[in-house]
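Right, one structure below, let's go through it.
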Amino acid sequence: MSDQHHASGGYDPAEVERKWQARWDEQGTNRWTDAGLRAAERPYYNLMMFPYPSAEGLHVGNIYAFTGADIHGRFKRLQGYDVFQPIGFDAFGIHSENFALKLGIHPMELIPRNVERFRTQLRRVGLMYDWDHTVDTTTPDYYRWTQWIFLQLYQHGLAVKKEAPVNWCPSCNTVLANEQVIAGECERCGSVVEMRFLSQWFFRITEYAGKLLENLGWMDWSDSTRKAQENWIGRSEGAELHFPIARRRAAEDRHQPAAIEPEKPVIRVFTTRPDTVFGATYLVLAPEHPLVERITAPERREAVEAYRRQVAGQDLVTRKKTDKGKTGVDTGGRAVNPATGEEIPVWIADYVLMEYGTGAIMAVPGHDQRDFEFATQFGLPVVRVVAGPGEDADTPLAEAYTDNQAGRLVSSGRFDGLGHRAGCDAIVAWLAERGLAERRVNYRLHDWTISRQRYWGPPIPVLYCDACGIVPVPEDQLPVELPHIDDFRPDASGISPLARHEEWYRVDCPACGGRARRETDVSDTFLDSAWYFLRYPSVGYAQVPFDPELTRRWLPVTSYIGGNEHAVLHLLYARFVTMALRDMGHLHFEEPFVRFRAHGLIVREGAKMSKSRGNVVVPDDFIAAWGADAFRTFLMFLGPYEEGGDFRDEGVSGPYHFLTRLWDAVLTSTERPLDPAVEQKLHATIKKVTEDLEALSYNTAIAAMMEYLNAVRAGGRTPERGAVEPLVRLVAPFAPHLAEELWERLGHARSLFDEAEWPGYDPAKAVADTVEFVVQVNGKVRARLPLRRGIGEAEARDAALGDENVRRWLDGGKQVRKVVFVPDRLVNLVVG
RNA sequence: GCGAAAGUGGCGGAAUGGUAGACGCGCUGGUCUUAGGAACCAGUGGCUCCGGCCGUGGGGGUUCGAAUCCCCCCUUUCGCACCA
């Protein structure tokens with residue numbers, strides 16, 4: 001890759017791009033003043049997911065994402081919208097901190113350096129950002145409001161502190177997110193991860209589970225993202241059933257029905273199959289279930305304790321593996337099946353999770369495969385209570401019968417014969433009469449743990465007072481600044497590095513003036529990114545997180561583009577925070593991103609890019625060699641934007657070649673009337689490109705422009721000025737520098753993006769007068785005839801029958817039985 | 001296991017019921033050039049007895065007509081995963 005590409009026609013991308021980037025900077029192109037934002041008439045908030053400024057610099061995946069979004073923004077701007085397109089830096093978090101640790105540089109030094117590098121690189125790509133409205137989540141004037149959001153949630157009962165299990169890496173001395181634990185091991189050092197119980201702050205996102213799910217129904221989102229979120233929230237409809245704990249009695253009495261005593265404690269289970277309750281032959285509790293102590297029989301205590309210890313020593317990921325076989329122990333305790341009145345054993349097993357449902361299940365081995373495996377392994381009874389077609393209550397079960405469509409209840413007393421739906425309704429109603437059941441909807445979504453025992457994040461703004469307990473930091477004392485400490489490395493204690501600095505955490509209680517200490521954990525990075533889009537328009541306002549008037553004008557976000565890797569994290573958290581703030585009266589809308597599009601992933605030579613494979617694209621090299629415009633166009637040409645593409649290095653020459661040919665065509669064009677065929681093609685191309693840009697079909701838009709340019713230059717003809725000038729505007733979103741330069745050379749004084757309009761087209765002119773008709777005989781193409789547009793069926797048929805080749809296929813006295821006519825396209829002669 | 005997407009030339013991909021392979025890469029031949037590159041022109045799915053025939057993962061179906069719709073199967077990728 002050298003300067004040799006630039007031999008032809010004088011197109012020198014490096015020079016053009018330097019010139020226009022400097023000019024955009026000088027003239028403040030794309031930047032809004034506060035007054036401008038307030039007065040905007042057609043606001044279009046074009047948002048893209050802000051990057052985490054890694055030390056490696058801008059990744060080609062970032063550029064792919066940003067370029068696609070930038071093209072959308074530039075397109076909308078040319079269409080006359082007031083496009084607000086900001087960018088920022090998601091610079092807090094474990095990723096950044098780990099990198100700082102690795103390099104031995106303090107994050108307060110390293111991060112600003114990375115941010116600077118990112119700014120430079122982003123400019124170099126020609127992205128249309130409003131550099132006067134950027135956010136950096138690590139600055140006190142930003143995280144002051146992150147802390148404010150925490151306090152709002154706390155005051156509304158949506159932030160609570162409770163003990164919870166977390167993944168702990170004994171070698172890195174830190175809590176790990178579930179995503180950072182690979183097959184039970186730390187993703188960074190390979191140590192086996194332990195489970196620890198720590199007191200954590202949680203956001204009660206589950207309060208909004210129903211709303212979060214429901215709104216997905218009407219939002220204009222990529223289907224893949226919507227589905228991922230639906231799965232994650234995981235709604236299950238069913239019932240909570242109560243199994244009274246049985247009084248301890250002699251074994252020989254147990255076959256007698258037990259009296260259910262209402263005041264006795266019950267074991268609550270959640271089930272989606274209450275219809276199968278007659279087949280519940282035992283219960284299983286999560287090992288951590290609070291009732292385990294109480295029900296365990298004295299002679300089983302030792303075994304139960306041993307099992308609980310074993311499970312506690314396991315990391316969460318290993319525990320949730322499905323292929324390791326079932327383990328569990330009998331507690332010796334017994335409960336009463338509320339339907340049959342029989343006493344059944346109570347077990348504990350690690351396949352029952354405390355955090356889902358009630359932490360206890362009724363096991364129906366006949367009709368649940370997991371229960372079936374467990375029952376088989378431990379010799380527990382299997383009872384059939386659902387029979388499929390051709391089966392009855394005595395048909396043996398080789399595996400669980402789980403069909404809830406065809407099955408009918410058997411051995412279920414007066415409910416025999418009912419189907420799944422009716423069975424559930426009837427049985428729940430029957431048990432509910434005695435207070436032993438209630439309908440219930442359960443969600444898989446868990447509350448969001450936001451505590452991080454790390455340094456690099458916003459301190460959680462609460463105090464613990466010896467006298468008053470938990471005391472929120474008063475709003476007027478925000479931000480709680482993150483102090484500069486040198487020993488920011490986390491250690492084995494399970495508490496934050498800030499907890500080693502008494503001079504920082506020792507404070508007086510703002511309520512009573514007594515001794516208090518600050519919370520020393522910081523909050524999750526995902527809280528920083530859960531509200532950044534609210535801040536952008538109000539950057540610079542020190543007294544409010546988001547100005548009400550600006551927010552009303554610019555939010556919710558008009559268009560959001562980002563990666564599907566955040567389908568269930570960032571996008572869910574941002575929705576939750578928005579809903580909560582709305583319910584508190586701070587916002588006028590409930591959904592922040594009404595339209596969201598997920599872009600695809602770039603692979604290289606068919607393989608995922610990774611440092612270990614050594615196949616990572618270094619964008620700077622490509623930009624230096626071919627220019628940002630060619631690189632942008634190339635990336636968008638790889639494949640459908642929403643599906644990603646395969647990066648092959650040689651491929652960049654195609655789009656580069658296109659831009660060079662466009663450059664030559666514009667500069668050699670002459671002022672003269674348009675050839676009618678060219679004019680028709682021009683209108684068709686404008687139509688195609690406009691529609692494709694609207695749909696983010698960038699690859700086909702580029703193909704259409706290439707095709708048009710080929711037609712304009714066909715056979716080495718000199719292009720008409722009027723044929724290429726609109727093409728400069730069409731290509732501008734993709735290759736903005738080149739377009740600006742050509743626009744200027746065409747005699748315009750101001751920036752194309754300030755002055756030009758998106759080209760319009762005349763639908764009547766977008767179609768040719770003559771169309772190529774396909775003539776088929778029995779569905780096979782036998783001729784192609786140029787015919788007048790709009791021709792009628794009779795005329796088209798006659799023309800087809802007049803064709804020599806077609807006649808050959810009709811030889812032998814075959815009768816035309818039917819004529820299929822598709823206007824302006826095809827005639828199919830069906831012969832018998 | 002559940003959910004989603006996808007399978008088309010040597011390669012990336014286009015076509016969502018009507019001309020399969022647009023556009024580009026690569027390749028072949030030519031022009032120009034001391035040469036290489038660049039640029040430009042022409043060609044490029046397979047087979048062919050030059051009439052055509054075959055061809056969109058495999059098999060079946062609907063239709064005048066199927067890459068596209070329906071059924072069965074195979075493969076790949078991604079997400080979730082003992083969620084009761």
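Chain A is the first sequence line, chain B the second, and so forth, proteins listed ahead of strands; every chain is numbered from 1.
- When the P atom of U76(B) is taken as reference, atom NZ of K608(A) falls 16 Å away, rounded to whole Å.
- With both ends at atom P, the span from G57(B) to C11(B) equals 13 Å, rounded to whole Å.
- In this structure, R825(A) reaches the sugar-phosphate backbone alone: every heavy-atom distance under 4.0 Å involves primed, P, OP1 or OP2 atoms, never a base.
- Nearest to the side chain of W232(A), among A81(B), C53(B), G18(B), sits A81(B).
- Base pairing annotation: U16(B) forms no Watson-Crick or G-U wobble pair, as no partner gives both donor-acceptor distances under 3.5 Å.
- Among the nucleotides G18(B), A84(B), C78(B), the one closest to the side chain of T271(A) is A84(B).
- Looking only at side-chain heavy atoms (C-beta outward), L738(A) and Y11(A) come within less than 4.5 Å of each other.
- In this entry the distance linking NZ of K326(A) with P of A84(B) reads 14 Å, nearest Å.
- Judged purely by atom type and a 3.5 angstrom limit, D824(A) uses its side chain to pair as donor or acceptor with the backbone of G790(A).
- A residue-by-residue look at R648(A) and A360(A) shows that R648(A) has its nearest nucleotide of RNA chain B further toward the 5' end.
- Base orientation at G9(B) is syn, since its O4'-C1' glycosidic dihedral falls within 90° of 0.
- Heavy atoms of L826(A) sit under 4.0 angstrom from at least one base atom.
- Comparing the P positions of G52(B) and C40(B) gives an interatomic distance of 36 Å, to the nearest angstrom.
- Here the separation of C27(B) from A14(B), taken at their P atoms, is 23 Å to the nearest Å.
- Counting atom types as modelled, N231(A) pairs no side-chain N or O with a base atom of C80(B) as donor and acceptor under 3.5 Å.
- G9(B) and A5(B) have their C1' atoms separated by 23 Å, given to the nearest Å.
- Nucleic acid contact class of R782(A) (heavy atoms, under 4.0 Å, all strands): sugar-phosphate only.
- Counting any heavy atom pair closer than 4.0 Å across all strands shown, R713(A) reaches sugar-phosphate atoms only and no base atom.
- Salt bridge D649(A)/R604(A): present, at least one basic N to carboxylate O contact under 4.0 Å.
- Under the Watson-Crick and G-U wobble criteria, each requiring two contacts below 3.5 Å, nucleotide C82(B) is left unpaired.
- In this structure A39(B) sits in a base pair with U31(B), meeting the Watson-Crick or G-U test at under 3.5 Å.
- Between I233(A) atom CD1 and G3(B) atom C1' there is a gap of 14 Å when expressed in whole angstrom units.
- One atom, OH of Y11(A), and another, P of A39(B), lie 14 Å apart when rounded to the nearest Å.
- Other residues, nucleotides and ligands contribute over 12 non-hydrogen atoms within 6.0 Å of the CZ atom of R807(A).
- Ranking G12(B), C82(B), A81(B) by closeness to the Y351(A) side chain, first place goes to C82(B).
- Heavy atoms only, all atoms of each residue included: A630(A) and P655(A) are closest at O-CB, 4.1 Å.
- Under a 4.0 Å N-O distance rule, the pair R797(A)/E793(A) does not qualify as a salt bridge.
- Spacing between A66(B) and U77(B) at atom C1', rounded to whole Å, works out to 26 Å.
- Below the 3.5 angstrom threshold, one finds no donor paired with an acceptor across the side chain of E230(A) and the base of G3(B).
- Figure legend. U56(B) is base-paired to no nucleotide; pairs are counted as Watson-Crick or G-U wobble with both atom distances under 3.5 Å.
- A salt bridge links R597(A) with D220(A); the closest basic N to acidic carboxylate O contact falls under 4.0 Å.
- At whole-Å resolution of the value, OH in Y641(A) and C1' in G12(B) are 18 Å apart.
- In this structure, the CG atom of L638(A) is 10 Å from the C1' atom of G13(B), given to the nearest Å.
- For G18(B), the OP1/OP2 oxygens have no side-chain nitrogen or oxygen of K780(A) closer than 4.0 Å.
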Do any N or O atoms of the protein come closer than 3.5 Å to N or O atoms of nucleotides 22-26 of chain B, and which pairs are they?
| unit_1 | atom_1 | unit_2 | atom_2 | d |
| --- | --- | --- | --- | --- |
| A22(B) | O2' | E707(A) | OE1 | 3.1 |
| G24(B) | OP1 | N710(A) | ND2 | 3.1 |

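- Glycosidic conformation, G51(B): syn, with the torsion inside 90° of 0.
- Using a 4.0 Å heavy-atom distance criterion, N805(A) is classed as a sugar-phosphate-only contact.
- The aromatic rings of Y698(A) and Y641(A) sit tilted, their planes meeting at an angle between 30° and 60°.
- Shown here, U77(B) forms a base pair with A4(B); the pair counts as Watson-Crick or G-U wobble because both key distances fall under 3.5 Å.
- U44(B) sits 26 Å from U33(B) when the C1' atoms are compared, rounded to a whole Å.
- Rounded to a whole angstrom, the distance from the C1' atom of C73(B) to that of G7(B) is 14 Å.
- Close to G3(B), at under 4.0 Å from its OP1 or OP2, lies no side-chain N or O of K227(A).
- Side-chain atoms of T331(A) come within 3.5 Å of backbone N or O of V346(A) as a donor-acceptor pair.
- The separation of U56(B) from G45(B), taken at their C1' atoms, amounts to 11 Å, rounded to a whole angstrom.
- Atom-to-atom, CZ of R226(A) to P of C80(B) comes out at 19 Å; the value is rounded to the nearest Å.
- OP1 or OP2 of G52(B) sits under 4.0 Å from a side-chain N or O of R808(A).
- For the pair E793(A) CD and G18(B) P, the interatomic distance rounds to 18 Å; values are reported in whole Å.
- Pairing for G24(B) goes to C11(B), judged as Watson-Crick or G-U wobble with the two contacts each under 3.5 Å.
- Closest-nucleotide positions on RNA chain B for V781(A) and F270(A) were compared, and the one nearer the 5' end corresponds to V781(A).
- Salt bridge annotation for E288(A)-R308(A): absent, with no cationic side-chain nitrogen under 4.0 angstrom from a carboxylate oxygen.
- A distance-only check finds a donor-acceptor pair linking the side chain of H446(A) to the backbone of R444(A) [under 3.5 Å].
- E772(A) comes within 4.0 angstrom of a base, heavy atoms only.
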